[in-house]
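What follows is a structure written as structure tokens; I'll ask about it next.
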Amino acid sequence: MARLSILEFPDPRLRKIASPITDVTGKIATLADDMLETMYAAPGIGLAASQINVHQRLIVVDISNEKNEPVILINPKIIATEGEREAEEGCLSVPGFYEPVTRPARIEVAAINRNGEPYTMVAEGLLAVCIQHEMDHLEGRLFVDYISNTKRQMIRKKLIKQQRQQA
């Protein structure tokens with residue numbers, strides 16, 4: 001397994017829309033494993049392939065405290081939503097910033113697992129928030145798109161300054 005580099009806002013590659021995965025191969029399973037390793041090391045609870053500059057519809061999440069309940073979703077699609085919930089969100093691509101975002105409280109998702117088998121799952125609470133957040137990445141959206149333009153620009157400027165200092 002390998003740890004991968006995570007793109008950071010405002011990198012324009014984060015705005016690219018991901019393509020569907022047409023064939024679930026060993027290469028995709030290895031990518032999912034590498035994404036999990038990267039996510040755990042970051043540390044985070046979710047990662048989309050778009051965040052590592054692979055623009056395919058693949059996300060991984062694990063909200064467990066022990067980091068032993070990974071969920072791999074290939075070509076995820078929300079097929080039902082219920083309710084509404086506001087939760088503070090952060091992002092590995094927007095390090096150090098957290099803002100409240102309103103999303104559906106409960107979702108039903110259809111996806112393909114690492115073995116190429118279709119399945120559906122119901123998620124609520126933090127898991128629902130995490131899945132929706134990661135699915136946004138596949139559409140080229142970030143959680144900062146849900147906040148005011150003023151706050152987004154402030155975050156953008158701070159991250160650019162930090163990135164220049166690290167270079």
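The figures that follow rest on heavy atoms only: side chains count, while hydrogens, waters and symmetry mates do not. Here, residue 1 is the first one in the sequence, and each next residue gets the next number. As the structure is a computational prediction, the values presented were derived from the model and not from experiment.
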- Starting at OH of Tyr40, measure out to CZ of Arg3 and round the result to the nearest 0.5 Å. 13.0 Å
- Query: Between atom CE of Met35 and atom CD of Gln51, what is the distance when rounded to the nearest 0.5 Å?
  - Reply: 7.5 Å
- Item | Exercise: identify the closest heavy-atom pair between His133 and Gly90 | CE1-O, 3.3 Å
- Message: Between Val24 and Ile74, is the side-chain contact (heavy atoms from CB on, under 4.5 Å) condition met? List the steps.
- Response: CA-CA 8 Å; Val24 180; Ile74 299 168; 3.9 Å; yes
- Query: Between Leu138 and Ala48, which heavy-atom pair has the shortest distance, and what is it?
  - Reply: CD2-CB, 4.2 Å
- Can you find a heavy atom in the side chain of Ile147 that is under 4.5 Å from one in the side chain of Ile155? yes
- Closest non-hydrogen atom pair, Leu92 against Ala42: CD2-CB, 3.5 Å
- When rounded to the nearest 0.5 Å, the distance separating CD of Glu86 from CD of Glu99 is 10.0 Å
- Message: So does Pro10 get a backbone contact from the side chain of Arg156, meaning a donor-acceptor N/O pair under 3.5 Å?
- Response: no
- Ignoring hydrogens and angles, tell me if any N or O in the side chain of Asp34 forms a donor-acceptor pair with the backbone of Ala2 under 3.5 Å. yes
- Would Val122 and Arg106 count as a side-chain contact (heavy atoms from CB on, under 4.5 Å) if you check the C-alpha gap in whole Å, the side-chain angles of each, and the deciding distance to 0.1 Å? CA-CA 7 Å; Val122 173; Arg106 185 174 189 271; 3.3 Å; yes
- Message: Same cluster or not: Ile78 versus Ile112, using hydrophobic residues (I, L, V, M, F, W, Y) connected whenever any side-chain heavy atoms lie under 4.5 Å apart?
- Response: no
- Around atom OH of Tyr98, are there more than 12 heavy atoms of other residues, nucleotides or ligands at under 6.0 Å? no
- Between Met135 and Ile45, is there a shared hydrophobic cluster once you connect ILVMFWY residues whose side-chain heavy atoms come closer than 4.5 Å? yes
Side-chain donor-acceptor pairs of residues 157-164 under 3.5 Å, sequence neighbours excluded:
residue : atom : partner : partner atom : Å
Gln163  : NE2  : Glu8    : OE1          : 3.4
Gln163  : NE2  : Phe9    : O            : 3.0

- Task: Evaluate the side-chain proximity of His137 to Cys91: yes if any heavy-atom separation is below 4.5 Å, no if none is.
- Result: yes
- Query: So, Ser64 versus Asp62: side-chain donor-acceptor pair below 3.5 Å or not?
  - Reply: yes
- Is it the case that Arg103 places NZ or CZ above or below the six-membered ring of Tyr146, under 6.0 angstrom from the centre and within 45 degrees of the axis? yes
- Message: Is there a continuous path of hydrophobic side-chain contacts, each under 4.5 Å between heavy atoms, that joins Phe97 to Leu14?
- Response: yes
- Which heavy atom of Cys130 sits nearest a heavy atom of Ile63, and at what distance? CB-CG2, 4.4 Å
- For the residue pair Leu58 and Ile72, establish whether any side-chain heavy-atom pair is separated by less than 4.5 Å. yes
- Message: I'd like to check Asp136 versus Leu142 (side-chain heavy atoms, cut-off strictly below 4.5 Å). Are they in contact?
- Response: no
- Message: I want to check something: taking the side chain as every heavy atom from C-beta on, are Ile28 and Arg114 in contact at a cut-off of under 4.5 Å?
- Response: no
- Exercise: identify the closest heavy-atom pair between Pro76 and Ala111: CA-CB, 4.0 Å
- Can you hop from Ile21 to Val54 via hydrophobic side chains spaced under 4.5 Å? yes
- Task: Using atom types as modelled and distance alone, determine if a side-chain donor or acceptor of Asn113 lies under 3.5 Å from a backbone N or O of Asn115.
- Result: yes
- So do Thr38 and Ile6 actually touch side chain to side chain, heavy atoms under 4.5 Å? yes
- Message: Using a strict threshold of under 4.0 Å (side-chain N to carboxylate O), is an ion pair present between Arg15 and Asp145?
- Response: yes
- Task: Test Met121 against Ile131 for side-chain contact (heavy atoms from CB on, under 4.5 Å), laying out the working first.
- Result: CA-CA 11 Å; Met121 68 179 288; Ile131 290 171; 4.1 Å; yes
- State, yes or no, whether a side-chain contact exists between Ile79 and Val109 at a heavy-atom distance under 4.5 Å. no
- Message: Please give me the minimum heavy-atom distance between Glu134 and Gly46, naming the atom from each residue.
- Response: OE2-C, 3.2 Å
- The side chain to side chain donor-acceptor pair (under 3.5 Å) partners of Arg13 (sequence neighbours excluded) come to Asp11
- Message: Run the side-chain contact (heavy atoms from CB on, under 4.5 Å) test on Gln132 and Val101 for me, step by step, so that the C-alpha distance in whole Å, both residues' side-chain angles and the decisive distance to 0.1 Å come before the verdict.
- Response: CA-CA 11 Å; Gln132 292 172 84; Val101 176; over 6 Å; no
- Message: In this structure, would Val71 and Ile107 fall into the same cluster of hydrophobic residues linked by side-chain contacts under 4.5 Å?
- Response: yes
- Student check: side-chain heavy atoms of His55 and Ile17 closer than 4.5 Å: no
